[in-house]
There are 2 protein chains.
Amino acid sequence: MITIGRLARYAGVTIKTIRVYHAKGLLPEPERDSSGYRRYTARHAIDLIKIRSLADAGVPLARIRDLRAAPAADLRRALHEIDGDLTARIGELRRVRRRLRRLAAGDDLLPTGVGAHLDRLREYGFSDHWVAFQADLWILVFATHPETATELLQDQAQALTEPALRRIFLDYDGAHDLAPGDPRVDELADRMVRAIRDRYDPDHLPGQDPSSDIPTLIQATVNASSPAWRRLDALVRRRLG
Amino acid sequence: MITIGRLARYAGVTIKTIRVYHAKGLLPEPERDSSGYRRYTARHAIDLIKIRSLADAGVPLARIRDLRAAPAADLRRALHEIDGDLTARIGELRRVRRRLRRLAAGDDLLPTGVGAHLDRLREYGFSDHWVAFQADLWILVFATHPETATELLQDQAQALTEPALRRIFLDYDGAHDLAPGDPRVDELADRMVRAIRDRYDPDHLPGQDPSSDIPTLIQATVNASSPAWRRLDALVRRRLG
DNA sequence: TTCAACCCTGCCCCTGGGGCAAGGTCAACC
DNA sequence: GGTTGACCTTGCCCCAGGGGCAGGGTTGAA
């Protein structure tokens, strides 16, 4: 006839845990003594220890409660199932860790390939501001359109190997702080339109996919950061549309 | 300017999750349109995707919130720490699974060695009732006194190889349904006292450890199941002093 | 005009307990 | 016979990471 504290120490749990098990119907409430204290028997200790050995194995308490009324065959079947669950959880954690390590190796949360692309941008002389912007942009594209993102990235990387196109992008970067009325903005818009017409099929201009808001969303963010860029977008859009 | 549902689909989370992140301060609340709907920008999408890639790696939300204000070096350090956490969790799950498999293989929640002992009891002709009783008893002993349980079990197993002692235990088993006043109870008590005096140092009788209630608890449970057993315990206890 | 699909806030629910408050009880010590 | 400290009681709120429902408002397309 031991008290709850002793039982807790024997079973290696806290008093709270035992009371929770009573409340959840896993362990029957014992008799009370004259002062209302719970008084436990060896049966309770044995039951509690069995419950803990299942709980330690990761079996949810509700499941343990049901299992305690079930025959041994059910118990075996349930244990097998729980084993499968554990294996799945281990696999999932391993995947997560692999992802995390790639993340840590890249110093940031970048999808594969984007890091190298950003390094090239720095080499080409793009501003830090532009590089940071591109990083975020590619995160967004990879998350929302994983199936075409790599293709887009490769297209973009290839475009930058051509000096004339690279010049356009560098000038776009540089136009950030121009006044919107600056003639260089108009001149850049001209070059952009010609380059786009040159490079892409007029019926399949990139960023025109009507099933996605992402290009629009990105362009809105781009535009919001500079009046000159906003004007540039308007000009290009008018001449292409 | 997308709605919460679209943002949720892009990021692969539920609407509820986004609202929870607002409430927890992980993601800033966006502007509202004229009807009170939240309207999100690309920035929110990027932030949310970054948050999710950390959350998917098992980083607690509170930690993510703090990390978002921290410099890159802190982020790297935190990622390394999280990697360690993950490794520890994987190891723990593996241990749990190993325990579970031993559990499943033994058909029950028995500590190592007890299963074989119980099989021998059956061979010796003990009743099913007795064997089940012993199973629970050893679970309790192993859980509460892991350091001496194996020793006790071996002592018990060795005792049972001696025919005279085995006879005593078998008679104890058989006495369960005797009337408490049956002379065979007195005769058995006599044999038990002689055997105990014979086998054990009188200053170190087993089950007399004053620092543990477990023997008392077990004896109380044993006694509760049969009047004859209760009388047997009283007789032995009186004669042993 | 109607209908489905959205959106809003506020509320309670889950697991597996932790922790605290406010009070009652027990055993030992002085 | 007090006091002290350890123990017990119930009841309540808290954590992560959301799920789900109620009871309403809004939007867009047929």
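- Summarising the geometry, the separation between CG on D56(B) and P on dA16(D) is reported as 17 Å, rounded to the nearest angstrom.
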- [ ] At under 4.0 Å between heavy atoms, which parts of nucleotides 20-30 of chain D does protein reach? Answer with one letter per nucleotide, 5' to 3': B base, S sugar-phosphate only, - none.
- [x] B----BBS---

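- Residue T3(B) places none of its side-chain N or O atoms closer than 4.0 Å to OP1 or OP2 of dC6(C).
- Base engagement by R19(A) is indicated by at least one non-hydrogen atom pair under 4.0 Å involving a base atom.
- Side-chain contact between T41(B) and M1(B): present, with at least one pair of heavy atoms (C-beta onward) separated by less than 4.5 Å.
- Between K24(A) and the phosphate of dG17(C), there is no side-chain N or O to OP1/OP2 separation shorter than 4.0 Å.
- Using a 4.0 Å heavy-atom distance criterion, R52(A) is classed as a sugar-phosphate-only contact.
- You'll find the side chain of I196(B) stays beyond 4.5 Å of the side chain of V193(B), heavy atoms only.
- Counting to the nearest Å, the C1' atom of dG17(C) and the CD1 atom of I51(A) are 15 Å from each other.
- When side chains are defined from C-beta on, L61(A) counts as touching Y21(A), because their heavy atoms get closer than 4.5 Å.
- Distance CE (M1(B)) to P (dC6(C)): 21 Å, rounded to an integer number of Å.
- Of the candidates L140(A), T221(A), I218(A), L140(A) is the only one forming a side chain to side chain contact (heavy atoms under 4.5 Å, CB included) with I46(B).
- dG16(C) atom P lies 12 Å from atom CG of L54(A), rounded to whole Å.
- Using a 30° and 60° split on the angle between ring planes, H22(B) and Y40(B) fall in the parallel class, below 30°.
- The shortest distance between the side-chain N/O atoms of R38(B) and the OP1/OP2 oxygens of dC7(C) is not below 4.0 Å.
- dG16(C) atom C1' lies 17 Å from atom CZ of R63(A), rounded to whole Å.
- Rounded to whole Å, the distance from CG on L26(A) to C1' on dT15(C) is 12 Å.
- Shown here for L48(B) and L7(B), the closest heavy-atom pair between the two residues is CD2-CG, 3.8 Å.
- dG17(C) atom C1' lies 14 Å from atom CD1 of I15(A), rounded to whole Å.
- The shortest distance between the side-chain N/O atoms of T14(A) and the OP1/OP2 oxygens of dG17(C) is not below 4.0 Å.
- If you take CZ of R32(A) and C1' of dC26(C), they are 17 Å apart, rounded to a whole angstrom.
- Contact annotation: Y21(A) reaches the phosphate of dG17(C) (side-chain N/O to OP1 or OP2, under 4.0 Å).
- Within the 4.5 Å cutoff, side-chain heavy atoms of I214(B) are placed close to those of L217(B).
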